[in-house]
Amino acid sequence: MTAVAAPSVASLVQSVDWLAIAPPTIAAVVALVVLVADLFLGERRKALLGWVSVAGLAAAALALLPLLDGDRSTFCLKTLKGEQPACSYTADHFTLVIQFLVLAGALLTALLSITGIKDAKNTPRELPEGEFWFLLLSSAAGAALLPASRDLATLVVALEVASLPAFALVGIKRDDRRSSEAALKFFLSSVTATAVTLLGVSFVYATTGTLHLTRIATALTHVDGQFHTLAQAGVALTLVGFAFKTAAAPFHFWVPDTYVGAPLPVAAYLSVIGKAVGFSGIILVTVVAFPSYADVWGPALAALAALSMTVGNVAALRQQATRAYSAVRLLAWSSVGQAGYLLVPIAAAAYSKDADKAIGSTVAYALMYAAVNLGAFAVAALVARTKPLNRISDYRGLYRSRPLAALVLGFFLLCLAGLPPGIIGLFAKVTVFSAAVDAGLGWLAVVMAVNVVIALYYYLQWTATLFRSAEGEQAVQRIPAPLTAAIGLTAVIGVVLSGAPQMVLRFASTGLF
């Protein structure tokens with residue numbers, strides 16, 4: 001009998017590159033600092049916690065700069081000579097782009113939240129500051145970890161670290177039944193999706209014997225015939241949790257009530273950072289781990305894309321302008337429709353010879369969507385300061401009372417619609433459309449074209465409302481500096497990108513993997 005040598009201790013030791021893991025680590029450390037500081041600060045000084053959080057997110061984003069020199073990997077297992085090392089954390093170009101989106105989006109959310117928390121002070125719906133900032137930073141840390149994850153265990157853990165604080169953020173309004181109901185619905189839906197995903201992960205592990213994405217890709221190319229169906233089921237089920245985070249239909253039913261019940265900055269956070277988490281997870285498990293099973297996830301994602309576009313846009317079209325919270329509901333349903341557009345290039349990657357280019361289209365669209373959608377929510381937060389029911393009809397005459405805010409919101413809505421002068425929105429939609437055509441998905445391109453036309457109606461209707469004469473006098477308040485900064489930053493980004501839209505695609509698609 002031949003003795004099997006036990007693995008040496010050295011082969012089990014994982015290397016740690018502290019510079020590579022700096023962005024999510026800084027966000028997590030600042031979250032702990034805020035949590036502890038909250039215990040010792042008086043009520044008058046707790047406003048400092050918001051600015052500490054903003055500074056922490058800015059520092060985490062700046063920590064991306066030293067990583068631009070080249071790919072870095074850490075938490076790697078030593079392998080046999082000639083084999084590629086299996087790493088759990090990789091800071092490649094794809095990781096850095098998504099981490100920039102997440103941290104910049106969280107930073108803008110923090111600016112919106114400073115004003116929101118201040119406005120809610122001394123009201124029945126006052127927000128606990130220390131807990132709010134701790135939860136926001138913790139969720140941002142998990143969201144920044146996910147795109148760097150290169151094994152299924154780390155992916156699931158990062159997904160839950162990003163999600164669990166988000167449940168609490170949705171329900172953080174005190175004595176608000178709508179907020180509590182939204183948090184419970186969000187929680188139960190997410191837990192169900194996570195359970196299905198874990199079942200899929202267990203199937204994949206059973207058929208491949210590994211959790212590292214690159215090794216799974218290799219192992220799935222020669223799965224034993226009797227385990228082929230199990231592997232297919234594992235691939236399909238693993239996508240469910242990430243599809244839920246993207247708010248793709250039919251996993252979207254939690255979105256409208258959750259956005260309405262959550263504080264407005266939290267709704268903005270979920271609409272952008274939540275999507276970034278979901279799409280980065282889908283991209284990693286499909287393109288990196290399951291390329292040999294493109295015949296399974298390709299058609300599934302194409303169907304999800306078509307369904308999400310149609311359900312989201314038709315539901316947004318039916319929103320009544322005078323209904324309470326109709327503006328937030330329209331943005332919520334719009335986000336479901338936008339999820340469909342984002343899924344199109346990922347589905348196209350299953351049929352394309354150049355998957356890197358197709359994924360670059362999704363990342364470019366996500367960057368555009370993040371900037372303009374956060375800007376739209378920022379203007380919605382401004383209107384909500386005087387009209388808390390946030391109906392679409394409340395925006396009537398906004399140009400007369402706040403001309404700059406009206407022009408900026410109109411620009412954001414035109415970007416989402418894909419109309420000039422929102423050139424970046426038009427460019428992003430054309431890029432996604434061409435990805436579908438190049439991959440031979442003509443039917444999906446037709447569905448997208450129809451939905452773009454449907455979306456034009458409600459985006460233009462809201463835009464027109466901004467310039468109609470208002471009924472009665474419009475209350476005008478001084479805009480707080482953090483809210484002004486959030487609106488200004490998103491507007492500048494949108495205008496600059498509309499002037500040079502190709503810059504986004506070049507930044508998003510250059511050597512993603």
Side-chain angles (χ1 to χ4, degrees), residues 16 18-43 45-64 67 74-75 89 91 95 98-118 120 127-149 154-173 183 186-187 190 245 262-263 265-270 272-274 276-277 280 374 482 486:
V16 179
W18 292 101
L19 184 61
I21 65 173
T25 302
I26 291 173
V29 169
V30 175
L32 294 175
V33 170
V34 166
L35 183 64
V36 174
D38 181 53
L39 300 174
F40 300 98
L41 289 177
E43 287 297 324
R45 302 182 65 186
K46 285 193 175 182
L48 292 173
L49 297 177
W51 293 109
V52 170
S53 301
V54 168
L57 289 168
L62 289 173
L64 297 172
L67 303 176
T74 188
F75 299 112
Y89 187 105
T95 299
I98 301 299
Q99 284 183 339
F100 170 75
L101 190 161
V102 165
L103 295 171
L107 178 60
L108 289 169
T109 301
L111 290 173
L112 292 179
S113 302
I114 289 174
T115 301
I117 291 174
K118 185 177 180 181
L127 303 178
E129 293 191 56
E131 292 92 328
F132 181 92
W133 295 116
F134 169 73
L135 292 169
L136 180 64
L137 287 163
S138 299
S139 181
L145 171 63
L146 192 139
S149 303
T154 309
L155 269 175
V156 172
V157 169
L159 181 66
E160 291 309 298
V161 172
S163 301
L164 291 175
F167 305 147
L169 285 171
V170 171
I172 203 169
K173 289 183 186 177
F186 185 25
F187 173 74
S190 183
K245 290 300 294 181
V266 175
Y269 178 84
L270 292 175
V272 172
I273 283 72
V277 167
S280 55
L374 280 171

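Quick note: numbers below take in every heavy atom, side chains included, and nothing from hydrogens, waters or symmetry partners.
- Rounded to the nearest 0.5 angstrom, Phe186 CZ and Leu169 CG are separated by 9.5 Å.
- Atoms CG and CG, on Leu103 and Leu62 in that order, are 10.0 Å from each other to the nearest 0.5 Å.
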Please evaluate residues Phe187 and Val170 with respect to the criterion side chain to side chain contact (heavy atoms under 4.5 Å, CB included), reporting the C-alpha separation (whole Å), side-chain torsions for both, the decisive distance (0.1 Å), and the verdict.
CA-CA 10 Å; Phe187 173 74; Val170 171; over 6 Å; no

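- Distance CD/Glu129 to CG/Leu41: 9.5 Å, rounded to 0.5 Å.
- Nearest heavy-atom pair, Ser53 versus Val34, reported as atom, atom and distance to 0.1 Å: OG-CG2, 3.8 Å.
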Tell me, with the steps shown, if Ser149 and Tyr89 meet side chain to side chain contact (heavy atoms under 4.5 Å, CB included).
CA-CA 5 Å; Ser149 303; Tyr89 187 105; 5.8 Å; no

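- Side chains of Glu131 and Asp38 form a contact here, defined as non-hydrogen atoms less than 4.5 Å apart.
- Environment of NZ in Lys118: sparse, with no more than 12 heavy atoms of neighbouring residues, nucleotides or ligands closer than 6.0 Å.
- Taking all atoms of both residues into account, the shortest heavy-atom contact from Ile172 to Pro263 is CG2-CG, 3.9 Å.
- Nearest heavy atom pair, residue Ala37 against residue Leu49, reads CB-CD2, 4.0 Å.
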Report, one line per pair, each donor and acceptor closer than 3.5 Å where one atom sits in a side chain of residues 105-112; sequence neighbours left out.
residue: Thr109; atom: OG1; partner: Gly105; partner atom: O; Å: 2.8

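- Leu67 and Ala91 get closest at one heavy-atom pair: CD1-CB, 4.4 Å.
- Listed here is the closest heavy atom pair of Lys245 and Ser163: NZ-OG, 3.3 Å.
- If you take CD on Gln99 and CG on Leu146, they are separated by 10.0 Å, rounding to the nearest 0.5 Å.
- Sorted by first and then second residue, the side chain to side chain donor-acceptor pair (under 3.5 Å) pairs involving residues 20-36 (not counting sequence neighbours) form an empty list.
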Take Val272 and Leu101 through the test side chain to side chain contact (heavy atoms under 4.5 Å, CB included) and record every step on the way to the result.
CA-CA 9 Å; Val272 172; Leu101 190 161; 4.1 Å; yes

In residues 132-143, what donor-acceptor pairs under 3.5 Å come from side-chain atoms, sequence neighbours left out?
residue: Ser138; atom: OG; partner: Phe134; partner atom: O; Å: 2.7
residue: Ser139; atom: OG; partner: Ala162; partner atom: O; Å: 2.7
residue: Ser139; atom: OG; partner: Tyr269; partner atom: OH; Å: 2.7

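- Note that the CG atom of Leu64 and the OG1 atom of Thr95 stand 10.0 Å from one another [nearest 0.5 Å].
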